[in-house]
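Here the structure comes first, spelled out in structure tokens, and everything after it is commentary.
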Amino acid sequence: MNDDSENAQTPEQVASHTLALLRRFEKQQTMMMEVLGRHDERLSRIERNLIEIKRDVGEAKSDLILMENQMLNRMNEILDLTRKIDETRELIK
């Protein structure tokens with residue numbers, strides 16, 4: 001019984017401990033909110049960077065397609081010239 005009376009706390013002590021616990025929870029919550037805010041900023045930056053990368057890849061694809069078309073046009077011109085040269089050779093013979 002002596003242990004119970006020694007460990008018994010007054011309502012003021014219980015309230016004090018409760019307030020201390022609540023303050024600790026509030027501090028932890030504030031710290032977590034700050035961490036979440038920083039992570040949100042980082043995720044936003046990453047998202048913007050990904051959008052820019054997608055745009056850049058799209059532009060690179062377009063450039064490659066244009067270069068391929070130009071190369072095919074030049075190859076067709078060379079083929080036409082080769083045919084004309086062959087036709088002219090045949091006419092000369």
Side-chain angles (χ1 to χ4, degrees):
M1 266 264 161
N2 263 347
D3 286 340
D4 288 339
S5 63
E6 289 176 8
N7 290 335
Q9 296 180 352
T10 65
E12 291 82 18
Q13 289 174 324
V14 172
S16 176
H17 292 300
T18 303
L19 283 175
L21 183 64
L22 289 174
R23 284 189 195 113
R24 195 171 97 207
F25 287 156
E26 184 179 10
K27 183 179 177 182
Q28 288 176 344
Q29 183 181 17
T30 302
M31 288 171 44
M32 289 302 295
M33 293 302 291
E34 290 173 2
V35 168
L36 289 174
R38 287 193 301 269
H39 285 304
D40 187 45
E41 287 177 23
R42 289 179 184 156
L43 288 174
S44 295
R45 274 189 247 137
I46 289 171
E47 186 178 356
R48 281 192 305 270
N49 289 342
L50 285 175
I51 290 170
E52 289 176 12
I53 289 170
K54 284 181 182 180
R55 187 194 69 229
D56 292 345
V57 167
E59 289 176 6
K61 282 182 181 180
S62 296
D63 291 345
L64 287 173
I65 290 170
L66 287 173
M67 288 172 35
E68 182 183 15
N69 285 339
Q70 291 173 352
M71 186 174 65
L72 289 173
N73 287 337
R74 289 188 179 124
M75 289 172 67
N76 284 334
E77 290 173 4
I78 291 170
L79 184 60
D80 288 341
L81 288 173
T82 304
R83 285 184 184 151
K84 287 180 183 179
I85 290 172
D86 288 343
E87 289 174 1
T88 306
R89 282 186 184 164
E90 289 298 319
L91 288 174
I92 294 177
K93 287 184 183 181

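- Atom OG1 of Thr82 is separated from atom NZ of Lys84 by 11.0 Å, given to the nearest 0.5 angstrom.
- Within the model, atoms CG of Leu22 and NZ of Lys27 stand 15.0 Å from one another, a figure rounded to the nearest 0.5 Å.
- Ionic pairing of Glu59 and Arg55 is present here: one or more N-O contacts between side-chain nitrogen and carboxylate oxygen are shorter than 4.0 angstrom.
- Contacts of Ser62 classified as side-chain contact (heavy atoms from CB on, under 4.5 Å), with partners at least two apart in sequence or in another chain: none.
- Annotation: the span from Ile51 atom CD1 to Glu47 atom CD amounts to 5.0 Å, rounded to 0.5 Å.
- Atoms OG1 and CE, from Thr30 and Met32 in turn, are 11.5 Å apart once rounded to the nearest 0.5 Å.
- Distance CD/Glu68 to CE/Met71: 6.0 Å, rounded to 0.5 Å.
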Practice task
Would you please test Asp86 and Glu90 for side-chain contact (heavy atoms from CB on, under 4.5 Å) and show each step?
Solution key: CA-CA 6 Å; Asp86 288 343; Glu90 289 298 319; 5.6 Å; no
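- Glu26 CD: 12 or fewer foreign heavy atoms inside a 6.0 Å radius.
- Looking at residues two or more places apart in sequence or on another chain, you find a side-chain contact (heavy atoms from CB on, under 4.5 Å) between Leu79 and Arg83.
- Interatomic distance, OG of Ser16 versus CD of Gln9, reported as 9.0 Å (0.5 Å rounding).
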Practice task
Take Val14 and His17, measure what side-chain contact (heavy atoms from CB on, under 4.5 Å) needs, and give me the verdict at the end.
Solution key: CA-CA 5 Å; Val14 172; His17 292 300; 5.8 Å; no
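- Panel note: side chain Glu41, backbone Arg38; no donor-acceptor pair is recorded below 3.5 Å.
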